[in-house]
Amino acid sequence: MVTTRRFIIASLGLALSGLIAAPAQADGEVNVYSYRQPALINPLLEAFTAKTGIKVRAVFADNGLVERLAQEGRNSPADVLLSADVGRLVEAAQRGLAQPVDSPAISEKVPANLRDPGNLWFGLTMRARVVYASRERAPIASITYEELADPKWRGKICMRPGNHPYNLGLIAAMIAHTGEESTRQWLEGLKANLAGKPSGNDRSQAKSVYAGECDLAIANTYYMGKMLTEEKEPEQKEWAKAVKIVFPASPAFGTHVNISGMLMTANAPNRDNALKLMEFLASDEAQQLYANANFEYPVNPAVPASEIVRAWGSFTPDTLNVAEIARLEPAASKLVDEVQFND
């Protein structure tokens with residue numbers, strides 16, 4: 001059985017003081033710190049336990065887990081960290097909170113550009129940063145990221161704040177491929193095309209298009225699947241039906257992608273079981289479960305995406321190592337501030 005503890009964290013201080021440390025576990029158990037939500041991760045952990053007999057103890061939090069690992073140091077009970085974005089994986093590795101994992105069972109499943117060059121972390125699922133285009137007012141078949149700064153879209157684009165990790169990843173990719181000054185000019189053009197102050201989340205961008213507040217929105221692919229299958233708030237299905245996913249194809253790099261991923265903590269007390277869990281999460285079986293549950297793309301190209309995801313069409317993902325993009329996110333954040341993007 002998988003025992004879960006979810007902590008709602010309102011600040012970093014709460015993240016460090018409000019979570020109760022669990023003792024290190026004996027043989028037959030493994031401890032997970034997860035930024036990803038219980039509903040998504042628990043089925044995977046339950047499948048792992050059913051397959052191996054190894055019990056999983058998981059702590060879930062929206063923020064603060066990297067900081068908690070650093071504070072706990074050698075006394076941390078955590079064996080594996082699961083993240084919803086590459087930035088936290090890179091941060092943990094840079095702070096010495098991860099250890100290299102040399103496992104063909106993992107590296108053969110995860111393409112080189114979706115894992116750390118030193119095998120300190122590995123991607124598990126992939127999502128694309130795309131355009132939600134109004135089916136009525138913007139029936140386009142293609143677009144580039146560069147075109148989002150074209151004055152023809154003046155006052156017609158919606159997006160969440162520029163300093164959100166999803167957008168910082170895209171801006172960092174632009175810096176990596178086109179240079180900082182070119183990206184600054186692009187960001188200024190994109191800001192000029194916004195229909196209003198950046199706000200909300202990716203789902204609310206689709207809502208804004210549906211309401212006629214803008215014609216294009218920038219969002220992640222997997223939110224489309226979530227809206228199309230949303231039963232508690234069925235109005236989200238209407239938002240999703242009002243837009244079409246268009247995969248931007250920059251001449252410089254194709255379509256920007258980000259990953260969810262995993263790492264083994266530097267002081268994992270149950271290293272053997274942690275390795276078994278990571279190898280399971282990289283397996284075809286788990287890739288299918290994981291990607292289908294969250295409408296993401298498996299990082300293993302041999303594992304097909306879900307039927308809903310395949311219906312959105314194909315795209316050519318950026319092949320630059322996501323670690324290089326994450327490294328440039330501080331520069332991206334600086335540009336966001338300098339052009340006053342969120343004002």
Side-chain angles (χ1 to χ4, degrees), residues 35-37 39-40 83-87 110-111 113-114 123-135 138-145 147-148 157-160 164-174 200-210 214-230 236-250 253-261 287-301 303-320 322 325-326:
Y35 283 108
R36 306 221 74 178
Q37 298 301 311
L40 174 61
S83 174
D85 66 276
V86 67
V110 183
N113 67 306
L114 302 179
L124 287 173
T125 59
M126 182 173 66
R127 76 294 296 264
R129 197 76 178 145
V130 298
V131 167
Y132 290 177
S134 168
R135 292 183 181 274
I140 57 175
S142 63
I143 196 170
T144 67
Y145 291 113
E147 285 181 72
L148 295 173
I157 298 177
C158 291
M159 63 184 292
R160 70 197 304 166
H164 186 276
Y166 295 158
N167 287 330
L168 287 180
L170 172 59
I171 298 166
M174 295 292 287
N201 55 32
D202 280 10
R203 297 194 203 206
S204 64
Q205 309 313 314
K207 180 182 180 181
S208 293
V209 176
Y210 169 77
C214 49
D215 294 349
L216 304 180
I218 300 174
N220 279 347
T221 44
Y222 69 96
Y223 286 107
M224 180 67 76
K226 287 180 172 294
M227 290 185 290
L228 287 170
T229 57
E230 177 61 58
Q236 292 191 19
K237 295 181 180 181
E238 298 305 312
W239 308 347
K241 292 175 183 177
V243 300
K244 174 186 177 181
I245 285 181
V246 179
F247 293 95
S250 169
F253 58 90
T255 300
H256 169 64
V257 295
N258 200 344
I259 60 167
S260 71
Q287 284 272 293
Q288 195 81 68
L289 285 171
Y290 201 177
N292 286 357
N294 209 43
F295 305 102
E296 294 177 306
Y297 297 89
V299 294
N300 181 355
V303 178
S306 72
E307 183 177 352
I308 287 178
V309 173
R310 292 197 302 272
W312 300 333
S314 60
F315 65 98
T316 301
D318 187 1
T319 57
L320 182 67
V322 289
I325 294 172

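- Taking CG of Asp85 as the start and OH of Tyr35 as the end, the distance is 8.5 Å to the nearest 0.5 Å.
- Tyr145 and Phe253 have parallel rings, their planes meeting at less than 30° on a 0 to 90° scale where 60° marks the start of perpendicular.
- Taking every heavy atom of both residues into account, Met227 and Ala206 meet most closely at CE-CB, 3.7 Å.
- When all heavy atoms of Leu124 and Gln287 are compared, the pair lying nearest together is O-NE2, 2.6 Å.
- For the atom pair CG (Leu170) and NE2 (His164), the distance works out to 13.0 Å, reported to the nearest 0.5 Å.
- Atoms NZ and SG, on Lys207 and Cys158 in that order, are 12.0 Å from each other to the nearest 0.5 Å.
- You'll find the side chain of Glu296 stays beyond 4.5 Å of the side chain of Ser306, heavy atoms only.
- Two residues are said to be in side-chain contact when any heavy atoms from C-beta on lie closer than 4.5 Å; Ser260 and Tyr290 meet this criterion.
- In this structure, OG1 in Thr221 is found 7.0 Å from OH in Tyr132, a value given to the nearest 0.5 Å.
- Smallest separation of non-hydrogen atoms from Leu40 and Ala293: CD1-CB, 3.6 Å.
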Using residues 237-249 as the side-chain source, report each donor-acceptor pair under 3.5 Å to any protein atom, sequence neighbours left out, with the distance given to one decimal.
from   : atom 1 : to     : atom 2 : distance (Å)
Lys237 : NZ     : Glu231 : OE1    : 3.4
Lys237 : NZ     : Glu231 : OE2    : 2.9
Trp239 : NE1    : Glu235 : O      : 3.4

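- Applying the ring pair (Phe, Tyr, Trp, His ring centres under 6.0 Å) rule to Phe295 yields no partners; only residues at least two apart in sequence or on another chain are considered.
- Under the salt bridge (charged side-chain N to carboxylate O under 4.0 Å, His left out) criterion, no residue pair touches residues 305-316, with sequence neighbours excluded.
- Leu148 and Ile157 make their closest contact through O-CD1, 3.3 Å (heavy atoms, listed as atom of the first residue, atom of the second, distance).
- In this structure, CD1 in Ile325 is found 11.5 Å from CE in Met174, a value given to the nearest 0.5 Å.
- Of all heavy-atom pairs between Arg127 and Tyr222, the closest is CB-CD2, 3.7 Å.
- Atoms CD and OH, from Gln236 and Tyr210 in turn, are 12.0 Å apart once rounded to the nearest 0.5 Å.
- Between Thr125 and Arg36, some side-chain heavy-atom pair lies under the 4.5 Å cut-off.
- Between Asn258 and Asn220, every side-chain heavy-atom pair lies at or beyond the 4.5 Å cut-off.
- Proximity of Asp202 to Arg129: side-chain heavy atoms (C-beta onward) are separated by under 4.5 Å at one or more points.
- Closest of all the heavy-atom pairs between Val322 and Val257 is CG1-O, 4.2 Å.
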Quick one: do Met224 and Val309 satisfy side-chain contact (heavy atoms from CB on, under 4.5 Å)? Show the steps, please. CA-CA 9 Å; Met224 180 67 76; Val309 173; over 6 Å; no
Under the side-chain contact (heavy atoms from CB on, under 4.5 Å) rule, what do Ile218 and Gln205 come out as? Steps first, then yes or no, please. CA-CA 7 Å; Ile218 300 174; Gln205 309 313 314; over 6 Å; no
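- The main-chain N or O of Gly254 is never found under 3.5 Å from a side-chain atom of Thr316 such that the two would form a donor-acceptor pair.
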